[in-house]
Undergrad: 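Okay, here's the structure, questions in a sec.
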Amino acid sequence: MMNMMQIMQQAQKMQKKFKETQSELEQVEVISTAGNGAVTAVLTGQGKFKSIKLTPEAINPENPTVVDSDTVEMLEDLLSQALSDATKKATEQMEAKLKSVTGGISIPGLF
């Protein structure tokens, strides 16, 4: 049977590995496209929104040549702001729920 010291050492190793894994996932880029490449979204391996790219075809598939780059950039900015805000709010809700489960005790590496 493990003694308390061994359990603490195991917990510290797990916490360290968890933090390392979180850092690794933060560096990973997950890229997804839709509409034959008309829309490209990039997230981190943690599911945090990074960026979105649109082609003129995504905005006006019938006549993409009339879509200027300022319009594309404005829509990308608006979508980025909305998705970043949604990601932030979802993370805050997750943290609040987890804190209620842990009784307010902060578990390092968990959030």
Side-chain angles (χ1 to χ4, degrees):
M1 191 165 121
M2 295 177 77
N3 66 30
M4 190 59 148
M5 188 61 127
Q6 289 172 315
I7 292 171
M8 292 298 291
Q9 288 172 341
Q10 282 296 108
Q12 287 174 339
K13 285 180 187 177
M14 284 176 32
Q15 180 181 351
K16 183 179 181 211
K17 184 66 176 166
F18 186 80
K19 283 183 179 181
E20 289 170 0
T21 302
Q22 289 284 75
S23 294
E24 290 170 16
L25 288 171
E26 207 172 283
Q27 304 306 314
V28 171
E29 282 192 348
V30 179
I31 302 170
S32 182
T33 61
N36 291 326
V39 178
T40 302
V42 181
L43 279 70
T44 69
Q46 293 177 321
K48 292 181 182 172
F49 172 78
K50 281 187 86 172
S51 67
I52 192 160
K53 292 291 175 203
L54 305 172
T55 65
E57 290 79 9
I59 299 163
N60 189 344
E62 301 299 317
N63 193 1
T65 57
V66 299
V67 180
D68 66 278
S69 62
D70 287 344
T71 301
V72 173
E73 191 175 316
M74 179 197 63
L75 285 171
E76 288 173 346
D77 288 347
L78 289 172
L79 288 166
S80 292
Q81 289 173 13
L83 290 165
S84 292
D85 189 53
T87 301
K88 181 180 175 220
K89 288 177 179 177
T91 300
E92 288 170 355
Q93 285 187 7
M94 179 188 69
E95 289 175 357
K97 288 279 186 195
L98 289 174
K99 282 183 181 173
S100 71
V101 169
T102 64
I105 298 168
S106 178
I107 300 172
L110 188 56
F111 41 79

Undergrad: Report yes or no: does Gln27 contribute a side-chain atom to a donor-acceptor pair with the main-chain N or O of Glu24 at less than 3.5 Å?
TA: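 A pair under 3.5 Å: no.
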Undergrad: With Gln15, which of Lys13, Lys17, Lys19 fulfils side-chain contact (heavy atoms from CB on, under 4.5 Å)?
TA: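 For Gln15, the side-chain contact (heavy atoms from CB on, under 4.5 Å) test succeeds with only one of Lys13, Lys17, Lys19, which is Lys19.
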Undergrad: Does Ser100 use its side chain to pair, donor to acceptor, with the backbone of Lys97 at less than 3.5 Å?
TA: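 It does hold such a pair.
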Undergrad: Mind checking the CG-CD1 spacing from Leu43 to Ile52? Nearest 0.5 Å is all I need.
TA: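 Here the interatomic distance stands at 9.5 Å.
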Undergrad: What are the two closest non-hydrogen atoms of Pro64 and Pro56, and how far apart are they?
TA: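 Distance-wise, the nearest heavy atoms are O-CB, 3.4 Å.
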Undergrad: Looking at Thr44, is its backbone amide N or carbonyl O close enough to the side chain of Glu26 to form a donor-acceptor pair, meaning the two atoms are under 3.5 Å apart?
TA: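 Flag not set: sc Glu26 to bb Thr44 has no pair under 3.5 Å.
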Undergrad: Should Met74 and Leu78 count as side-chain neighbours, where that means a heavy-atom distance under 4.5 Å?
TA: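 Sidechains of Leu78 and Met74: in contact.
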Undergrad: At what distance, to the nearest 0.5 angstrom, does OG1 of Thr55 lie from CG of Asn60?
TA: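 So the gap between those two atoms works out to 10.5 Å.
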Undergrad: Kindly indicate whether the side chain of Gln6, heavy atoms from C-beta on, has any atom under 4.5 Å from the side chain of Gln10.
TA: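 Not touching, per the 4.5 Å side-chain cut-off.
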Undergrad: Which heavy atom in Thr87 sits nearest to a heavy atom in Phe49, and how many Å separate them?
TA: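 Nearest heavy atoms, Thr87 then Phe49: OG1-CB, 3.7 Å.
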Undergrad: Can you tell me how far the OG1 atom of Thr71 sits from the CD1 atom of Ile59, to the nearest 0.5 Å?
TA: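 If I round to the nearest 0.5 Å, the distance is 6.5 Å.
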Undergrad: Within this structure, what is the CD-CG distance for the pair Gln93 and Leu98, rounded to the nearest 0.5 Å?
TA: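 Rounded to the nearest 0.5 Å, the CD-CG separation comes out at 12.0 Å.
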Undergrad: Report the distance from atom CD of Gln9 to atom CG of Asn3, rounding to the nearest 0.5 Å.
TA: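 So the CD of Gln9 and the CG of Asn3 are separated by 8.0 Å.
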Undergrad: Can you give the donor-acceptor pairs under 3.5 Å from side chains of residues 29-42 to other protein atoms, not counting sequence neighbours?
TA:
residue, atom, partner, partner atom, Å
Glu29, OE2, Lys50, NZ, 2.8

Undergrad: So for atom CE, which belongs to Met8, do other residues, nucleotides or ligands contribute more than 12 heavy atoms lying within a distance under 6.0 Å?
TA: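 Count not over threshold, so no.
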Undergrad: When you compare the side chain of Leu79 with that of Leu54, does any pair of heavy atoms fall below 4.5 Å?
TA: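 The answer is yes; the side chains approach within 4.5 Å.
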Undergrad: Quick one about Ser80 and Asp77 (side-chain donor to acceptor, distance below 3.5 Å, no hydrogens or angles considered), yes or no?
TA: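 Not at all, the side chains of Asp77 and Ser80 share no donor-acceptor pair under 3.5 Å.
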Undergrad: Roughly how far, to the nearest 0.5 Å, is CD of Glu57 from CG of Asn63?
TA: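 Taking CG in Asn63 and CD in Glu57, the distance rounds to 10.0 Å.
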